[in-house]
Enquirer: 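Quick one: the structure is below, questions incoming.
Order of appearance sets the numbers: ligands from 1, and atoms from 1 within every ligand. The analysis underlying the following values was restricted to heavy atoms, covering all of them including side chains, and did not include hydrogens, waters or symmetry mates.
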Amino acid sequence: MKSLLPGATLGVMGGGQLGRMFVHAAQRMGYFTAVLDPDENSPAGRVSHHHVRADYLDELGLAQLSGHAEAITTEFENVPAGAMARLAEHRPVAPGAKAVAIAQDRTEEKAHFTRCGVRCAPYAAITSEEDIARAGDDLLPGILKTSRLGYDGKGQARVATRAELRAAWQNLGRTDCVLEKMLPLAFECSVVVARGRDGAMVHLPVQRNLHRNGILAVTEVHEQCIAPAQAQQAVAATRAIAQGLDYVGVLCVEFFGLEDGSLVVNEMAPRPHNSGHWSIEGADVSQFELQVRTLAGLPLVQPRQHSPAIMLNLLGDLWFREAGRELTPDWAGVLALPGTHLHLYGKLSARPGRKMGHLTVTGPSLEAVRATALQAAQCLGIDPF
Ligand code: ATP
Ligand code: MG
């Protein structure tokens, strides 16, 4: 494929915040954009040149999207693999349907990690009562996770005993699951890699992530956030995973750092990731520009981080801190702090647990960034970290 230069139209499946930031990056570089999403108020649909309002498997909608767009990507991993395959009949699609299908299924994902020589948490596939009876005692206490369609800690249950495991599997509708051993986590981190059609790869620095209630709360990216040897190991593993998929596009891999100093892989997302949002202001090439470049077949250059960065997720909970009434978070207070970059995704209503936006803090030193991020957190009602 020859590269698509600015002036061309790039398409994205899905109209959420990741699609919106992709659209912003593409438009900044002079591309036109097309979004397919059924919701007329979708964050990306609202800012795109073209918005095809259709279901993801709607033949006419898919035809309209490939009519507008000269190449197509996705912003969510649960896009039906069939839709990606359909689009690929007419247009270059990245990532490919096969990589997306593997990332959609925790069992296949773990098998891929193992093939690439990257260690994951001990686990067993749970698809029947017999699997529950057979699962090793060493997997308990553990976390039961649906193989498909989980996100932000949804579709998961922590189980201490086999009886709890049985009950949890019932609660999850006896759907295909994996039981993972609960690991003693010292920290969590992730790596964003971009791989072009020619196999060239670049990556963002390792990101240290703090989750609360199964949802990403804070990402920090600076020289002290993770030991150099572990950072190197995470980057090497991420590159091997992308290489093994013959991946084209932006891929994020999440890791657990264990108390014994070892690193195990958790999961991957075949798209930019919440933990990479800091790169919009903290690096000279963001994860969304990397997505544009890989899709358009433009050269990849290694991004350079030019400032320590801390990102705070802004969940809908911030709107409901006072019993009985919805309030608007103190945006003006936060914007009065130097080095704060506010992103709100234009979602029409706030709900607890819903990702409404994020705030990235950059500054001249880690101390300054940390102090400002803590002040911003206090101003918004986010627990200190
Ligand atoms: P995402 O929104 O990242 O897709 P998800 O719903 O797919 O999330 P996971 O990444 O599997 O969920 O798990 C969410 C969080 O739960 C992890 O980031 C980690 O904090 C915790 N967790 C998951 N698996 C384990 C484990 N085996 N041991 C300890 N903690 C775990
Ligand atoms: Mg996760």
Side-chain angles (χ1 to χ4, degrees), residues 14 16-18 74-79 100 102-110 112-114 118-126 135-136 138-160 164-165 168 172 175-192 206-220 226 234 238 241 250-260 262-277 287 311 313-316 345 352-356 358 383 385:
Q17 62 267 18
L18 299 173
T74 179
E75 64 113 35
F76 73 122
E77 66 246 53
N78 291 322
V79 58
V100 173
I102 292 177
Q104 281 174 350
D105 186 305
R106 285 190 196 276
T107 317
E108 290 203 30
E109 185 176 71
K110 288 178 192 304
H112 177 72
F113 295 150
T114 308
V118 183
R119 185 160 76 99
C120 48
Y123 73 99
I126 302 289
D138 62 313
L139 296 180
L140 294 167
I143 307 190
L144 184 68
K145 304 180 179 182
T146 59
S147 280
R148 306 177 68 82
L149 299 175
Y151 70 98
D152 289 348
K154 294 190 178 68
Q156 298 195 4
R158 300 189 170 210
V159 292
E164 283 182 24
L165 169 59
L172 292 172
T175 182
D176 288 1
C177 287
V178 296
L179 172 65
E180 251 177 65
K181 184 183 173 67
M182 178 78 83
L183 297 173
L185 306 191
F187 65 90
E188 297 187 59
C189 67
S190 58
V191 180
V192 169
V206 180
Q207 305 153 170
R208 182 174 180 129
N209 303 323
L210 170 67
H211 290 81
R212 288 177 174 153
N213 305 318
I215 307 180
L216 182 65
V218 181
T219 294
E220 302 199 24
I226 172 167
T238 303
I241 288 164
V250 169
L251 177 80
C252 180
V253 181
E254 293 180 68
F255 296 91
F256 298 140
L258 304 191
E259 279 162 8
D260 68 3
S262 65
L263 206 64
V264 303
V265 62
N266 173 21
E267 60 171 357
M268 63 180 172
R271 50 164 173 79
H273 193 260
N274 195 166
S275 59
H277 291 354
Q287 61 170 349
M311 185 225 53
N313 253 352
L314 306 176
L315 300 181
Y345 307 143
R354 189 174 198 201
K355 289 177 177 168
M356 301 301 293
H358 70 268
D383 287 340
F385 45 89

Enquirer: Does ligand 1 come near enough to H273 that some N or O of the ligand is less than 3.5 Å from an N or O of the residue?
Expert: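 Not met; the criterion fails.
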
Enquirer: Can you tell me how far CG of L165 sits from CD1 of I126, rounded to the nearest 0.5 angstrom?
Expert: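 If I round to the nearest 0.5 Å, the distance is 5.5 Å.
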
Enquirer: Can you confirm, on distance only, whether ligand 1 has an N/O atom lying under 3.5 Å from any N/O atom belonging to E180?
Expert: yes

Enquirer: Applying side chain to side chain contact (heavy atoms under 4.5 Å, CB included) to F385 and E220, what does each step give before you reach the verdict?
Expert: CA-CA 11 Å; F385 45 89; E220 302 199 24; 3.8 Å; yes

Enquirer: What is the ring orientation for H358 with H277, classed by angle as parallel under 30°, tilted 30 to 60°, or perpendicular over 60°?
Expert: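 Tilted, since the angle between the ring planes falls between 30° and 60°.
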
Enquirer: Does D176 use its side chain to pair, donor to acceptor, with the backbone of S147 at less than 3.5 Å?
Expert: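 Checked: no pair found.
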
Enquirer: Measure from atom 24 (N) of ligand 1 to every heavy atom in H211, K145, R212 and give the option owning the shortest one.
Expert: K145

Enquirer: Give yes if a backbone or side-chain nitrogen or oxygen of E254 is under 3.5 Å from a nitrogen or oxygen of ligand 1, and no if not.
Expert: yes

Enquirer: Could you work out, for atom 19 (C) of ligand 1, the closest of E188, E77, Q156 by heavy-atom distance?
Expert: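 Minimum heavy-atom distance to atom 19 (C) of ligand 1 goes to E188.
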
Enquirer: May I ask you to decide whether K110 forms a salt bridge with E180, counting only side-chain N to carboxylate O separations under 4.0 Å?
Expert: yes

Enquirer: Does any non-hydrogen side-chain atom of Q104 lie less than 4.5 Å from one of R148?
Expert: yes

Enquirer: Using a strict 4.0 Å cut-off to heavy atoms of N266, name the atoms of ligand 1 that fall inside it.
Expert: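 Within the 4.0 Å cut-off of N266, ligand 1 contributes 9 (P), 10 (O), 11 (O).
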
Enquirer: Classify the contact between I215 and ligand 1 as side chain, backbone, both or neither, using a heavy-atom distance cut-off of under 4.0 Å.
Expert: neither

Enquirer: Which bit of L216 is near ligand 1, meaning a heavy atom under 4.0 Å away: side chain, backbone, both or neither?
Expert: neither

Enquirer: For I143, is at least one N or O under 3.5 Å away from an N or O on ligand 1?
Expert: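 No, I143 has no N/O under 3.5 Å of an N/O on ligand 1.
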
Enquirer: For atom 27 (N) of ligand 1, which candidate among M182, M268, K181, R158 provides the closest heavy atom?
Expert: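 When every heavy atom of M182, M268, K181, R158 is considered, K181 comes closest to atom 27 (N) of ligand 1.
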
Enquirer: List in chain and number order the residues that pass side-chain hydrogen bond (donor to acceptor under 3.5 Å, both in side chains) with R354, two or more places apart in sequence or in another chain; answer none if no residue qualifies.
Expert: none

